[in-house]
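Since the structure comes first, as structure tokens, the remarks are kept for the end.
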Amino acid sequence: METSGRGDWKRREGLGSALAQIGVVAVLLAAAVAWFVHRGQVQQEVDAHLRTARAAFLRGNPSDLAMAQQNLEALFALAPDSRDARALAADLQAELWLTHHQPGADAKAREQLERAEALGSRSGERYGARALLLVGAGQTAEAQKLLEELKAQGANSPKLTLAQALLLQKQGRLSEARQSFARAAEGAWKDARFSTAYGEALLDEGMFPQAVEAFSRATTANPDHLLSKVTSALARLYAGQPPDGVQATLDEVRARAKDLTPALQARMEVAQAEVALAKGAPDQALTHVDAALKAWPDEHYALFTRGRALAVKRAPEARQAFEAAAAKRPTAPLLTLEGARLLQAQGDGEGALAMLDAYEKTFREVKARTADGKEVPALDRDDRYWLARGGVMEAAGRQDDALAAYDKALSARGVGLARAQYAKGALLLARKDFEGARTLLTAVAPDSGAGSMPEAYAALGELLFAQGEFAAGCQQHYFALVRARAQGAPVDQLATRANDIKKRLETSGQPAMAKAWLNEAGPLFQQQ
């Protein structure tokens, strides 16, 4: 057999094979490099979309939330199993449902949350969204259990604190809720939504200055945050501030029609209704209320403002409106206590008492935690309720019941202590218990004039007149006018009160003092 050249053949075949293998390896290596480069580019795009979505979500306006959604959709086209992005999507949809009342957002939130949980997301958005969805759906027991389990595991975030605050609010544990809202807002100070939620909670309690301050913090975080701006305007109007100062804000919000969700549309119309009320146009206010309820039928401020407008018209339907508002948010003291006061003012004592009875039923089983960790009935510490009840009882002529309610308010020793002292003192004055009235009134209307309650000084002036101490009485009435003027009372109102005091002095046989009084008090009500 011929074997010559066999070694050369083997050598040539080995070289070609080696070259071929090198070529294959080179191709595979190039493909691998290309794949890794592509994968890195995809990851960069995913990360960029996630950062953009988070930043847009942080700004919090509807257009920002839409931008966040668009970026998340683009992200899912690249990486459908991005677990943290799914959790963020769940959190975003929860915000659209709970705050902006977008139809179907709750179902989308649950869908995204289930995917995030299935993928094993451990992000704060996952747990925060789950807790918020449970609270929003009224599943308070499940929400409480989840929050306790997460706390036991050491979990802590502003989102979880916010969920805890909303849960406490639903349970009527308002003092603890305020503390949680404050902690959440402080922990997420860059996110306007947290301070806005705190402001709304304060507004529900009728704490108008504190609410305005919280909304101010929200607009500091984002000067363009629409919900905080319009709700701050509403808080100012509820506090009795002039409407001209907020109309520009409402016009600005109205001009951004494409950015208005049902919640924003409703809130804006309620504020516009309050502007109309402040200008003495209750029918126009009712038109705006109807527009608000058309945008969002569950807007409790719209129902409350409807009651206010109907009370101005002295319409019997005011009671139904106030009761509907309280039914939407039974643990919001503003709705019930102010509603009862306005019903009583229009002569519907029965309606006022019914609202207060419903409020007592709501809070009867609620416990409040004291500074030393003990739990006491929340109603025992609710001086606002007892003051409101005392006022209704007093207007109904049930003075003994009114005194008992005022004593409850005094024993609560809350922020309304001075108001409780004045209320009981004024009632004792009406019963001609001058000694008891004087003790209480001088506590809030000191002789130095340093007190802040014009009505307390006026009551003390009346007490001194009744005892024949006209000079001292004039001094207290003067303090009353000074304080009223400092608090923005109209000049014509001050003039009317000063003239009434002059007439009182004249009919009491004090003509010289009446003349001196008018000379002294005159500058207080002269136009500047």
Side-chain angles (χ1 to χ4, degrees), residues 43 45-62 64-100 102 104-137 139 142-143 145-167 180-181 183-198 218 221-222 225 227:
Q43 189 59 49
E45 289 185 54
V46 168
D47 292 342
H49 283 305
L50 189 58
R51 284 195 303 271
T52 303
R54 286 190 192 281
F57 191 14
L58 185 69
R59 291 193 294 273
N61 277 329
D64 302 315
L65 301 181
M67 180 184 293
Q69 282 185 280
Q70 291 169 4
N71 275 274
L72 286 172
E73 288 168 3
L75 185 157
F76 292 140
L78 297 169
D81 291 337
S82 176
R83 58 190 183 184
D84 289 346
R86 291 291 178 186
L88 179 61
D91 197 17
L92 189 152
Q93 292 296 335
E95 173 72 9
L96 288 172
W97 176 50
L98 295 170
T99 300
H100 293 283
Q102 290 281 33
D106 55 335
K108 293 179 181 178
R110 292 186 180 90
E111 178 186 351
Q112 294 288 358
L113 184 59
E114 287 171 2
R115 294 196 66 171
E117 290 172 341
L119 291 166
S121 172
R122 304 285 295 175
S123 73
E125 285 94 353
R126 168 196 166 176
Y127 298 109
R130 174 61 71 190
L132 288 170
L133 287 171
L134 288 172
V135 175
Q139 298 174 266
E142 293 87 344
K145 181 181 178 182
L146 174 63
L147 290 169
E148 288 175 354
E149 289 175 350
L150 291 172
K151 184 178 180 180
Q153 295 169 19
N156 184 27
S157 73
K159 187 74 72 173
L160 292 175
T161 305
L162 177 62
Q164 183 70 57
L166 291 167
L167 177 61
S180 291
F181 277 117
R183 286 198 303 272
E186 183 178 353
W189 61 273
K190 292 183 179 180
D191 193 330
R193 294 168 300 148
F194 287 78
S195 291
T196 301
Y198 184 28
N222 178 9
H225 194 256
L227 185 59

statement: Residue set satisfying side chain to side chain donor-acceptor pair (under 3.5 Å) with Arg51, at least two apart, ordered chain then number -> none
Using 0.5 Å steps for rounding, measure from the [atom1] atom of [X] to the [atom2] atom of [Y].
X      : Y      : atom1 : atom2 : answer
Met67  : Arg59  : CE    : CZ    : 5.5 Å
Leu50  : Gln43  : CG    : CD    : 9.5 Å
Gln70  : Thr52  : CD    : OG1   : 11.5 Å
Arg130 : Leu147 : CZ    : CG    : 12.5 Å
His100 : Leu65  : NE2   : CG    : 5.0 Å
Glu114 : Glu117 : CD    : CD    : 7.0 Å

- request: Before giving the answer on side chain to side chain contact (heavy atoms under 4.5 Å, CB included), spell out for Thr161 and Asn156 the whole-Å C-alpha distance, their side-chain angles and the decisive distance to 0.1 Å.
  value: CA-CA 7 Å; Thr161 305; Asn156 184 27; 4.0 Å; yes
query: Does atom CD of Glu186 have more than 12 heavy-atom neighbours, drawn from other residues, nucleotides or ligands, at distances under 6.0 Å?
result: no
Please name the pair of heavy atoms, one in [X] and one in [Y], separated by the smallest distance, quoted to 0.1 Å.
X      : Y      : result
Ser180 : Ala165 : CB-CB, 3.5 Å
Ser123 : Asp84  : CB-OD1, 3.7 Å
Pro158 : Ala184 : O-CB, 3.7 Å
Ala185 : Ser195 : CB-OG, 3.8 Å
Asn71  : Ala53  : CB-CB, 4.1 Å
His49  : Leu78  : CD2-CD1, 4.1 Å

message: Between Thr196 and Arg193, do the side chains contain a donor N or O and an acceptor N or O under 3.5 Å apart?
response: no
- request: Apply the test side chain to side chain contact (heavy atoms under 4.5 Å, CB included) to residues Gln164 and Arg183: give CA-CA distance (whole Å), side-chain angles for both, the deciding distance (0.1 Å), then the verdict.
  value: CA-CA 11 Å; Gln164 183 70 57; Arg183 286 198 303 272; 5.7 Å; no
Any side-chain heavy-atom pair from [X] and [Y] closer than 4.5 angstrom?
X      : Y      : result
Trp97  : Leu133 : yes
Leu113 : Arg126 : yes
Asn222 : Asp191 : no
Phe181 : Leu166 : yes

Below 3.5 Å, can you tabulate the donor-acceptor pairs from side chains in residues 86-93 to any protein atom, sequence neighbours excluded?
from  : atom 1 : to     : atom 2 : distance (Å)
Arg86 : NE     : Pro80  : O      : 3.1
Arg86 : NH1    : Gln112 : OE1    : 3.1
Arg86 : NH2    : Pro80  : O      : 3.1
Asp91 : OD1    : Lys159 : NZ     : 3.4
Asp91 : OD2    : Lys159 : NZ     : 3.2

